[in-house]
Amino acid sequence: MRGIGFVLEPEEAEELLARDPRNADCLFPYLNGEDLNSDPEQQPSRWVICFHDWPLEEAEEYPDLLAIVEERVWPDRARLAGPGDKRNREYWWQFGAYRAGMRQAIAPLRRVLVRSRVSELHSIAFVPPGYVYNEQLIVFAFDDDYHFALLQSAVHETWLRKQASSLRTDVRYTPTDCFDTFPFPSLEYQRAGERESGRVGEQESKRAGEWPEAFRRAAQLGAEYHEHRRQVMRTRWLGLTKTYNLFHNPAVGDADIVRLRELHAAMDNAILACYGWEDLALRHDFYPNDRGQIRFMPCAEARRELIFRLMELNEQIAREESQHG
């Protein structure tokens, strides 16, 4: 593997930090999909040496770390001869692509949303922005509860399952297919509706960045859902995957899991309100999905109608963008 030599066990990372506190500049917790889905607190199980996008001269200022990379990475990268290997061979001290755009986007955030790229179950969670994220994680540059509610909702899950490719029985979340194509609710449409109905006063409507009532309600439920799920995982000491296995099991009637389902249904309906689709009855219950697996989710009719409305909205947005250049 071209990057495994950068990865350290916690004990080795702790020793390096104790030896020279400056090593913290280039030593980070390394979060992967297994940690995200299996650890009850989404804690990274390993660390990684990352010299950012620095030239070799700057990396040489951290001799303890560079010595490890020279020993464990350089010999393998020096032998790379493929047409796509030039960068790894010439910048052997750098841990893969730096993703400067992503790092710039999440730099001011207090937390970020992440999802495993490949997973049978759709689950996202907030994690600290100071990690290095494995390539099998999708990072969303949002730190607010509304976007958690939207992206965790059945609305987004219904869309992504239509758009995503499959890997055996799992779903591969491809951002270009699942996220870039997903039509978000229009804030301006909701603001206009609330002003017309009188639910937003003149002063409130003039505040920059003030979110409409429907969006605030969705954010409130998103926060409540995320916190309740966190408490369930901590109390039962289960990761996201095992928690959602209970969530989708009709034989499980424990109060904490039932409450999680209730909050999920309420959050889904709150997201519908952000679209102005309160007329759509989701009728949450246990239904078989397209692979015959029982899941707690909206009924098939509601899911089909969701796809139809999202596709219509997508076309409307595309027309408006075309008209405005």
Query raised in the report: With a 4.5 Å heavy-atom cut-off, do Arg303 and Arg161 have their side chains touching?
Result: no
Query raised in the report: Got a second to check how far Asn134's CG is from Asn32's CG, nearest 0.5 Å?
Result: 5.5 Å
Requested in this report: Apply salt bridge (charged side-chain N to carboxylate O under 4.0 Å, His left out) to Glu224 and list each qualifying residue two or more places apart in sequence or on a separate chain.
Outcome: Arg259
Query raised in the report: Is the shortest heavy-atom distance from the side chain of Trp93 to the side chain of Glu60 under 4.5 Å?
Result: no
Query raised in the report: Going by heavy atoms in the side chains, are Asn37 and Ser119 under 4.5 Å from each other?
Result: yes
Report task. Would you give the length of the straight line joining atom CG of Asp76 to atom CH2 of Trp74, rounded to the nearest 0.5 angstrom? Result -> 11.0 Å
Query raised in the report: Is there a side-chain contact between Trp159 and Ile307 (heavy atoms, below 4.5 Å)?
Result: yes
Query raised in the report: Is there a donor-acceptor pair closer than 3.5 Å between any side-chain N or O of Asp285 and the backbone N or O of Pro298?
Result: no
**Report entry** Short side-chain donor-acceptor distance under 3.5 Å, Arg103 and His52
**Finding:** no
Requested in this report: Would you sort out whether Ile49 and Asn23 count as a side-chain contact (heavy atoms from CB on, under 4.5 Å), showing the intermediate values?
Outcome: CA-CA 9 Å; Ile49 298 170; Asn23 287 332; over 6 Å; no
Query raised in the report: Closest heavy-atom contact between Ile106 and Pro129?
Result: CD1-O, 3.9 Å
Report task. Under the side chain to side chain donor-acceptor pair (under 3.5 Å) rule, collect the residues that match up with Gln136, sequence neighbours excluded. Result -> none
Query raised in the report: Under 6.0 Å between the ring centres of Tyr146 and Trp211?
Result: yes
Query raised in the report: If you look only at pairs with a residue in residues 231-253, which of them pass as a salt bridge (charged side-chain N to carboxylate O under 4.0 Å, His left out), with sequence neighbours excluded?
Result: Glu41-Arg234, Arg236-Asp254, Arg236-Asp256
Requested in this report: Could you please spell out the steps behind the side-chain contact (heavy atoms from CB on, under 4.5 Å) verdict for Ile68 and Tyr62?
Outcome: CA-CA 10 Å; Ile68 293 173; Tyr62 300 83; over 6 Å; no
Query raised in the report: Is the backbone N or O of Asp143 less than 3.5 Å from a side-chain atom of Arg110, with the two atoms forming a donor-acceptor pair by type?
Result: yes
Query raised in the report: What distance do Tyr275 atom OH and Leu150 atom CG have between them, rounded to the nearest 0.5 Å?
Result: 5.0 Å
Query raised in the report: Are Tyr244 and Arg229 close enough that a side-chain donor and a side-chain acceptor fall under 3.5 Å?
Result: yes
Query raised in the report: Between Arg295 and Phe286, is there a donor-acceptor pair closer than 3.5 Å when you use the side chain of the first and the backbone of the second?
Result: no
**Report entry** Any donor-acceptor pair under 3.5 Å from His147 side chain to Phe142 backbone
**Finding:** no
Query raised in the report: Can you check whether Arg89's main-chain N or O pairs, donor with acceptor, with Arg77's side chain at less than 3.5 Å?
Result: no
**Report entry** Side-chain touch Glu278/Asn269, heavy atoms, less than 4.5 angstrom
**Finding:** no
Query raised in the report: So, Phe140 versus Phe179, ring centres under 6.0 angstrom or not?
Result: yes
Query - Shared hydrophobic cluster for Ile4 and Phe51 (ILVMFWY, side-chain gaps under 4.5 Å) - result: yes
Report summary line: To the nearest 0.5 Å, atom OG of Ser153 lies from atom CD1 of Ile271 at 5.0 Å
**Report entry** Nearest non-hydrogen partners of Ala154 and Leu306, listed with the distance
**Finding:** O-CD1, 4.4 Å
Query raised in the report: Apart from Tyr287 itself, what residues make up its hydrophobic cluster, given side-chain heavy atom links below 4.5 Å?
Result: Met297
**Report entry** Pairing residues for His264 by the side chain to side chain donor-acceptor pair (under 3.5 Å) criterion, not counting sequence neighbours
**Finding:** Asp268
Requested in this report: Given ring-ring contact (aromatic ring centres under 6.0 Å, His included), test Phe182 with Phe184 step by step and report yes or no.
Outcome: CA-CA 6 Å; Phe182 180 63; Phe184 279 54; 5.5 Å; yes
Requested in this report: Indicate the atoms forming the closest heavy-atom contact of Leu221 with Ala266, along with that distance.
Outcome: CD1-O, 3.5 Å
Query raised in the report: When you look at Val171 and Glu120, which way does the side-chain contact (heavy atoms from CB on, under 4.5 Å) test go after all the steps?
Result: CA-CA 5 Å; Val171 171; Glu120 177 195 343; over 6 Å; no
**Report entry** salt bridge (charged side-chain N to carboxylate O under 4.0 Å, His left out) partners of Arg261, counting only residues at least two apart
**Finding:** none
Report summary line: By salt bridge (charged side-chain N to carboxylate O under 4.0 Å, His left out), Arg309 pairs with (sequence neighbours left out) Asp279, Glu305
Query raised in the report: For His122, does its backbone N or O pair with a side-chain atom of Gln152 as donor and acceptor, under 3.5 Å?
Result: yes
Query - Axial cation check for Phe6 ring with Arg72, 6.0 Å and 45° limits - result: no
Query - Residues in side chain to side chain donor-acceptor pair (under 3.5 Å) contact with Arg304, at least two apart in sequence or another chain - result: none
Query raised in the report: Would you say the side chains of Asn289 and Gln293 form a donor-acceptor pair under 3.5 Å?
Result: yes
Report summary line: Value for CE (Met233) from CG (Leu260), rounded to nearest 0.5 Å, stands at 9.5 Å
Requested in this report: Under 4.5 Å between side-chain heavy atoms, chaining through other members, with only Ile, Leu, Val, Met, Phe, Trp and Tyr counted: pull out the rest of the cluster around Val252, sorted by chain and number.
Outcome: Val232, Leu238, Leu246, Ile257
Requested in this report: For the residue pair Tyr173 and His156, categorise the inter-ring angle as parallel (less than 30°), tilted (30 to 60°) or perpendicular (more than 60°).
Outcome: tilted
Query raised in the report: Would you say the ring centroid of Tyr91 lies under 6.0 angstrom from that of Trp54?
Result: no
Query raised in the report: Any side-chain heavy atom of Pro250 within less than 4.5 Å of one from Ile294?
Result: yes
Query - Nearest atoms (heavy-atom pairs only) where Cys274 meets Pro185 - result: O-CB, 3.5 Å
Query raised in the report: For Tyr30 and Tyr131, what are the C-alpha separation, side-chain angles and deciding distance, and is it a side-chain contact (heavy atoms from CB on, under 4.5 Å)?
Result: CA-CA 6 Å; Tyr30 183 47; Tyr131 294 164; over 6 Å; no
Query - Least distance between heavy atoms, Asp35 atom then Ser45 atom - result: OD1-OG, 2.9 Å
Query raised in the report: Does Val258 sit in a hydrophobic cluster with other residues, and if so which ones, taking ILVMFWY side chains as linked at heavy-atom separations under 4.5 Å, directly or through other members?
Result: none
Report summary line: Across all chains, not counting sequence neighbours, the side chain to side chain contact (heavy atoms under 4.5 Å, CB included) partners of Phe126 are Arg111, Leu113, Asp145, Phe148, His226
Report task. Kindly indicate, with the supporting measurements, whether the criterion side chain to side chain donor-acceptor pair (under 3.5 Å) is fulfilled by Glu312 and Gln316. Result -> CA-CA 6 Å; Glu312 274 199 327; Gln316 176 188 334; over 6 Å; no
**Report entry** Test item: Leu240 and Ile124 side chains (from C-beta on) under 4.5 Å apart, heavy atoms
**Finding:** no
Query raised in the report: Taking the side chain as C-beta and beyond, is there a heavy-atom pair between Arg46 and Leu8 under 4.5 Å?
Result: no
Report summary line: What one should report as the nearest heavy-atom pair of Pro128 and Tyr133 is O-OH, 2.7 Å
Query - Residue list, salt bridge (charged side-chain N to carboxylate O under 4.0 Å, His left out) with Glu227, at least two apart or on another chain - result: Arg230
Requested in this report: Measure the spacing between CG of Leu31 and OG of Ser116 and express it to the nearest 0.5 Å.
Outcome: 10.0 Å
